[in-house]
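Notes follow once the structure below has been shown.
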Amino acid sequence: MISKKIGIVDCNNFYVSCERVFNPVSTGRPTVVLSNNDGCVIARSQEAKDLGIKMGEPFFQKKEFMDEHRFCVYSSNYNLYGDMSDRVMSVIREHVSSLEIYSIDESFIDVSHVEEKDMMDFLHIIREDVKKRIGIPVSIGVGPNKTLAKLTSHIAKQNSNYKGVCSFWDLEEVRNMYYGIDVGEVWGIGRKWKKKLNSIGVDSVGQFVNSTDGWIRKNMSILGLRTKYELLGHYCNPIVTTPKTKKNVASARSFGQDVDDFSQIAEAMYVYIQNGLRKIKDDSLEAKKATIFVSGNKHKGQTHSYYKSVSFQKATCDTEEIWAQVYPELRKLFKKDKSYKKCGIVFSELTPSNQHQITLFQSSLQMVSPPSNTEKKWEMKQEFITKKYTTKWEDIPECFV
DNA sequence: TCTGGGGTCCTAGGACCC
DNA sequence: TCTGGGGTCCTAGGACCC
């Protein structure tokens with residue numbers, strides 16, 4: 001069997017790095033990017049991490065601290081990050097034959113053709129090219145499979161001597177290193193499984209790979225077992241270069257404040273439907289089913305959450321057609337004596353838009369007019385949003401020489 | 001005042017059929 | 001009417017990822 005060489009290219013502190021390309025003032029200063037509604041921290045610069053800011057920490061709890069330490073704070077700007085991501089990926093693609101975009105800031109690459117002795121040089125070239133042309137720093141880890149590529153890139157980040165790139169084949173005594181790495185660092189082992197493993201005395205990667213197949217299979221399903229075998233060097237999880245067709249498309253948001261007025265919810269839902277449909281149309285898809293939901297503010301102990309699925313007669317991506325069927329259900333879900341913090345829609349049973357099923361009995365739909373504009377209490381808070389530097393003409397930075 | 005959003009996969013259990 | 005086993009399909013829930 002020819003062994004594979006798989007790499008993971010990972011943008012460092014991606015959202016922060018994107019902001020810094022256009023706001024160099026934040027370079028060197030502790031910097032964070034906030035989730036929608038400026039709710040919690042979802043990206044941190046190294047300086048912010050060093051000051052103890054945690055991933056997912058509520059912003060309002062740290063605001064004062066951040067003011068004191070002269071933080072740069074940004075609302076998330078997904079137009080910018082999405083476009084910067086596309087640019088990073090296309091530079092990487094120039095260097096490899098096979099690339100899987102795994103998330104907005106990560107891609108797996110197949111580098112099986114590169115000799116082990118040449119690997120580090122090869123990785124440095126990619127890293128420098130992305131930095132030079134796009135301005136985004138990346139880390140790269142390479143190993144015999146995805147799980148080990150991820151673990152190797154973790155090792156690279158822990159130790160600055162690696163200068164952001166690390167090859168499994170340059171590491172000595174890998175299996176011994178496993179005893180020094182927390183099992184929770186492994187890709188595929190999350191909080192719950194880590195806790196379960198700890199409870200039987202398994203704390204390190206080394207101990208995990210020595211756990212029995214039976215226990216892992218029973219407690220962590222086939223996925224946990226696959227992770228163990230990848231840590232042992234097997235190749236179980238192939239690179240997927242053609243993007244998988246989506247199975248679900250969701251559009252949901254928390255409101256800027258609690259809302260108890262049906263017209264507000266209806267307007268928000270209408271906007272989210274349009275939002276979701278835009279994503280569906282971009283992929284040339286249509287939906288046969290949609291699930292709408294409304295829910296209370298869980299941080300105020302409100303646990304109410306109501307949802308309802310609607311199956312359409314035929315797959316569609318027509319806003320009015322969907323609204324006509326969703327609106328009456330939304331009306332029924334809404335309870336007058338409750339307040340709500342979030343609503344949304346998940347489209348499922350997606351099919352390519354050119355495959356039209358002929359419907360024999362098309363019942364006529366009672367169209368429902370779109371909601372009229374309200375004062376938009378539901379709109380999300382974005383106090384620190386930057387411009388669409390790369391995707392909107394008016395926002396393109398000017399350069400004075 | 002203020003606590004994100006969008007995905008995938010696997011499994012157990014219920015419904016239903018023969 | 002009662003009784004049993006096995007197969008398939010669907011869904012909700014739970015785990016994971018970023």
Side-chain angles (χ1 to χ4, degrees), chain A residues 8-15 32-43 53-64 66 73-78 81-82 85 100-108 146-147 150 153 183-197 216-227 236-237 240 243-259 272 275-276 279-280 283 289 291 293 295-302 305 307 309 311 339 341-350 377 380-384:
Chain A
I8 178 87
V9 185
D10 187 343
C11 300
N12 299 345
N13 317 328
F14 182 54
Y15 299 166
V32 294
V33 174
L34 305 177
S35 65
N36 285 329
N37 273 319
D38 296 338
C40 49
V41 174
I42 52 168
I53 301 296
K54 302 255 165 26
M55 188 70 176
E57 231 173 338
F59 173 56
F60 76 92
Q61 286 175 4
K62 286 285 167 184
K63 193 168 186 312
E64 210 169 305
M66 290 185 187
V73 176
Y74 299 103
S75 304
S76 36
N77 182 345
Y78 288 103
Y81 312 149
S85 174
E100 173 184 341
I101 295 174
Y102 177 64
S103 73
I104 194 163
D105 69 336
E106 282 174 284
S107 57
F108 288 107
K146 289 180 176 176
T147 305
K150 280 279 211 175
S153 92
V183 71
E185 299 295 343
V186 174
W187 182 55
I189 299 183
R191 270 209 334 277
K192 292 280 170 64
W193 285 354
K194 173 179 154 65
K195 205 172 158 192
K196 211 179 249 188
L197 285 161
I216 295 174
R217 178 69 182 80
K218 182 162 176 284
N219 292 278
M220 302 169 66
S221 87
I222 194 79
L223 300 171
L225 204 53
R226 191 179 298 160
T227 298
C236 313
N237 192 352
V240 183
K244 296 157 248 193
T245 49
K246 290 192 191 121
K247 295 182 176 156
N248 300 297
V249 166
S251 176
R253 288 281 179 281
S254 294
F255 308 136
Q257 52 188 300
D258 288 4
V259 163
Y272 302 159
N275 217 344
K279 295 189 222 172
I280 285 175
D283 287 357
K289 187 177 163 189
T291 305
F293 68 90
S295 49
N297 190 336
K298 61 175 193 278
H299 298 289
K300 290 186 180 165
Q302 300 170 354
S305 179
Y307 59 92
S309 294
S311 282
S339 77
K341 183 63 193 211
K342 184 176 180 178
C343 78
I345 185 160
V346 182
F347 293 102
S348 53
E349 296 178 17
L350 306 178
K377 283 203 262 185
M380 68 177 174
K381 207 162 73 180
Q382 286 188 309
E383 208 177 322
F384 316 102

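Each chain gets a letter, A, B and so on, in the order its sequence line appears, and its residues count up from 1. Note that this is a predicted model, so its numbers are computed, not measured.
OP1 or OP2 of dG5(B) sits under 4.0 Å from a side-chain N or O of S254(A). One finds no side-chain N or O of N37(A) lying less than 4.0 angstrom from the OP1 or OP2 phosphate oxygen of dT3(B). Contact between the side-chain N/O atoms of K150(A) and the OP1/OP2 oxygens of dC18(C) is found at a separation under 4.0 Å. Note on K300(A): every side-chain N or O is 4.0 Å or more away from OP1 and OP2 of dT3(B). Residue K247(A) places at least one side-chain N or O under 4.0 Å from the OP1 or OP2 atom of dC9(B). OP1 or OP2 of dT3(B) lies within a sub-4.0 Å distance of a side-chain N or O belonging to K341(A).
Following rounding to the nearest Å, N297(A) (CG) and dT1(B) (P) show an atom-to-atom distance of 13 Å. In this structure, CZ of R217(A) is placed 14 Å from C1' of dA15(C), rounded to the nearest angstrom. Atom CD1 in I222(A) sits roughly 17 Å away from atom C1' in dG14(C) (whole-Å rounding). The distance from atom CG of N36(A) to atom C1' of dG4(B) is 6 Å, rounded to the nearest whole Å. The distance from atom CD1 of I189(A) to atom C1' of dA15(C) is 12 Å, rounded to the nearest whole Å. I101(A) places its CD1 atom 17 Å from the C1' atom of dG6(B), with the value rounded to the nearest Å. Put simply, CZ on F59(A) is 14 Å from P on dC2(B), counting in whole angstrom units. If you take CE of M55(A) and C1' of dC18(C), they are 8 Å apart, rounded to a whole angstrom.
Judged by distance alone, the side chain of S35(A) and the main-chain N or O of C40(A) form a donor-acceptor pair under 3.5 Å.
Ion pair D258(A)/K377(A) not flagged as a salt bridge, since none of the NZ, NE, NH1 or NH2 atoms sits closer than 4.0 Å to an Asp/Glu carboxylate oxygen. K247(A) and E349(A) are not joined by a salt bridge, as no carboxylate oxygen comes within less than 4.0 angstrom of a charged side-chain nitrogen.
The nucleotide whose nearest atom lies closest to any side-chain atom of V249(A) is, among dA15(C), dG7(B), dG5(B), dG7(B).
Using a 4.0 Å heavy-atom criterion, one finds that K218(A) contacts no nucleic acid atom at all.
Residues Y74(A) and F384(A) keep their aromatic ring centres 6.0 Å or farther apart.
Annotation: cation-pi geometry not satisfied between K341(A) and F255(A) (NZ/CZ under 6.0 angstrom from ring centroid, within 45° of ring axis).
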